[in-house]
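Contents: one structure, followed by commentary.
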Number of protein chains: 2
Amino acid sequence: MMKLPGKTVERLSEYRRTLLECLNEKRNFIFSHDLAARLHITAVQVRRDLMLIGYSSVLRKGYDVRELIDTIGKIIDSEESMNVAVIGIGNLGRAVAGYFKGKRSKLNLVASFDNDPQKVNRVISGVKCYPYTDIERMIKELDIRIAILTVPPDFAREITEEAVRFGIKGILNFTTIPLNVPSGVYLEEYDMITSIEKVAYFVKENKI
Amino acid sequence: MMKLPGKTVERLSEYRRTLLECLNEKRNFIFSHDLAARLHITAVQVRRDLMLIGYSSVLRKGYDVRELIDTIGKIIDSEESMNVAVIGIGNLGRAVAGYFKGKRSKLNLVASFDNDPQKVNRVISGVKCYPYTDIERMIKELDIRIAILTVPPDFAREITEEAVRFGIKGILNFTTIPLNVPSGVYLEEYDMITSIEKVAYFVKENKI
DNA sequence: TGATTATTGTTAAATTATTAACATTGGTTT
DNA sequence: AAACCAATGTTAATAATTTAACAATAATCA
């Protein structure tokens, strides 16, 4: 399977979540245009993405929900499950942990890190919190591959550098500090303030 | 000024944040390639974005940091400040409030909403929390234009419908539920799980 | 069964976003 | 002051992404 466009990968994740909702509703089949409508995209987009992953439905009665969930899983999940840690277990870290915990069978949140003595060695939002000084040991011991970075900005660079040195291969950076990572490490950055300012801009433009 | 591409707006927000950091460091001028390097993009991208907003530096000694901050503000900020509310003041809501409070002179976080009796009528992360039943009154009383939606998924649709009915013009949706909004309301959605799965996918692809 | 409809997979076109190329211009150096 | 350099603004080229178009095919129905 050739490497998929990032946008397609994002949508595959969204498709799967929507399909899981369908299962809850006891819907076993769904048309491309239904799936599209739920996500506010076009049916063509859906069909094209599924084409890219080589999926096609035998029937003309919509996609088999279970089957498609499996197919997407085969594409975006790894064979064995991958371990994830949240670094910085403040409000945002706890929010992420809460959203995440137990949701994905192939991605396990196995640890959090913080240096607040009130948090260290306690279970917070379902994950044990370790001190920053244990990062090396725990990354290796628990085979952690992905770090979700929710530390205060001042710590971001240093902790990233460490995490990468000790074997982290993917980082989701929620801090306001743009990070540098060596090639071979995948970095995804998200900044809330930017999103809010974007909303504000388009609201303003509508008005004027 | 014609409507800018969404991506450019996002980057303008990032430029400004970076420029504000420059001011802290007492740097009063910055080259396009320096600004680009800090954000891990190319200098051409920077110059092109600035071209789009009609900014040009007189000097060849880099951009005047203060001037550029002002110029960007004129583009992405509204004339008078805009009021924002966080709906759902759980971990994520508090995180957003914390990141946001007092950071932007033209965007004021003026209220939060929740229906947890422990939270209602208290000040949380710097903002007063009101019950959901007060949404109509407070949107009108405080002239709230933008809502940041961090409620549990089950509430998302209903609350959005209300918020829009009572005058909200922009929504930043952090819930896992895709929303429908009427035209004239700007919607930006962000889903953490999708981001994490994307990271996992690209980590996996590197390995194999 | 044959015609019709609905839905799909896929190629082609259009749009959007990024990168490259380069002429221009102020500053610097000799 | 002439030659050079560094950085910019802008046009053109490339790449990525989305949308349109449409042939193919299973299901439905007269």
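Residue numbering restarts at 1 for every chain, and letters A, B, ... go by the order of the sequence lines. The basis for the numbers below is simple: all heavy atoms, side chains too, and nothing from hydrogens, waters or symmetry mates.
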Just jot down the side-chain hydrogen bond (donor to acceptor under 3.5 Å, both in side chains) partners of B/Lys106, sequence neighbours excluded, or say none.
-> none

Intermediate values then yes/no, side chain to side chain contact (heavy atoms under 4.5 Å, CB included), A/Arg145 and A/Asn83 | CA-CA 6 Å; A/Arg145 292 287 188 72; A/Asn83 292 334; 5.9 Å; no

What are the two closest heavy atoms between A/Asp114 and A/Ile89, and how far apart are they?
-> OD2-N, 2.8 Å

Does any residue of residues 176-188 of chain B have a heavy atom under 4.0 Å from DNA chain C, and if so, which ones, in number order?
-> none

So the contacted stretch of DNA chain D, first to last nucleotide with an atom under 4.0 Å from a non-hydrogen atom of chain B, runs from D/dA7 to D/dA12

Of residues 37-45 of chain B, the positions that come close to DNA chain C - non-hydrogen atoms, cut-off under 4.0 Å = B/Thr42, B/Val44, B/Gln45

Reckon A/Thr8 touches a base, only the sugar-phosphate, or nothing at all at heavy-atom distances under 4.0 Å?
-> nothing

Which residue pairs pass the ring-ring contact (aromatic ring centres under 6.0 Å, His included) test with at least one member in residues 176-199 of chain A, sequence neighbours excluded?
-> A/Tyr186-B/Phe202, A/Tyr190-B/Tyr190

Pair pattern of DNA chain D in dot-bracket, where unpaired bases get dots and | marks partners in another strand, Watson-Crick or G-U under 3.5 angstrom = ||||||||||||||||||||||||||||||

Student check: side-chain heavy atoms of A/Thr18 and A/Tyr15 closer than 4.5 Å | no

In chain order, what residues pass the side-chain hydrogen bond (donor to acceptor under 3.5 Å, both in side chains) check against A/Glu21, with sequence neighbours excluded?
-> none

Across the strands shown, which category fits A/Tyr63 at heavy-atom distances under 4.0 angstrom: base, sugar-phosphate, nothing?
-> sugar-phosphate

Salt bridge (Lys or Arg N to Asp or Glu O under 4.0 Å) partners of B/Glu141, counting only residues at least two apart = B/Arg137

Criterion side chain to side chain contact (heavy atoms under 4.5 Å, CB included) on A/Lys204 and A/Tyr201, from CA distance to verdict = CA-CA 5 Å; A/Lys204 180 193 77 159; A/Tyr201 170 78; 4.2 Å; yes

Residues forming a salt bridge (Lys or Arg N to Asp or Glu O under 4.0 Å) with B/Asp64, sequence neighbours excluded = none

Indicate yes or no: at least one non-hydrogen side-chain atom of A/Ile196 is less than 4.5 angstrom from one of B/Tyr99.
-> no

Of all residues at least two apart in sequence or in a different chain, which pass the side-chain hydrogen bond (donor to acceptor under 3.5 Å, both in side chains) check with A/Arg48?
-> none

Can you name the nearest heavy-atom pair linking A/Ala97 to A/Ser125, along with the distance?
-> CB-CB, 3.8 Å

Comparing nearest nucleotides in DNA chain D, the 5'-proximal residue of the pair B/Arg48, A/Pro5 is B/Arg48

Only pairs at least two apart or in different chains count here, so list each salt bridge (Lys or Arg N to Asp or Glu O under 4.0 Å) that has a residue in residues 33-43 of chain B.
-> B/Glu25-B/Arg38, B/Arg27-B/Asp34

Dump the intermediate steps for side chain to side chain contact (heavy atoms under 4.5 Å, CB included) on A/Thr175 and A/Phe155, then the final yes or no.
-> CA-CA 9 Å; A/Thr175 77; A/Phe155 297 174; over 6 Å; no

Residue pair A/Phe166, A/Ile135: steps toward the side chain to side chain contact (heavy atoms under 4.5 Å, CB included) verdict = CA-CA 8 Å; A/Phe166 301 141; A/Ile135 284 186; 4.1 Å; yes

Considering only heavy atoms of chain B and a distance under 4.0 Å, specify the first and last nucleotide of DNA chain C in 5' to 3' order that meet this criterion.
-> C/dA17 to C/dT28

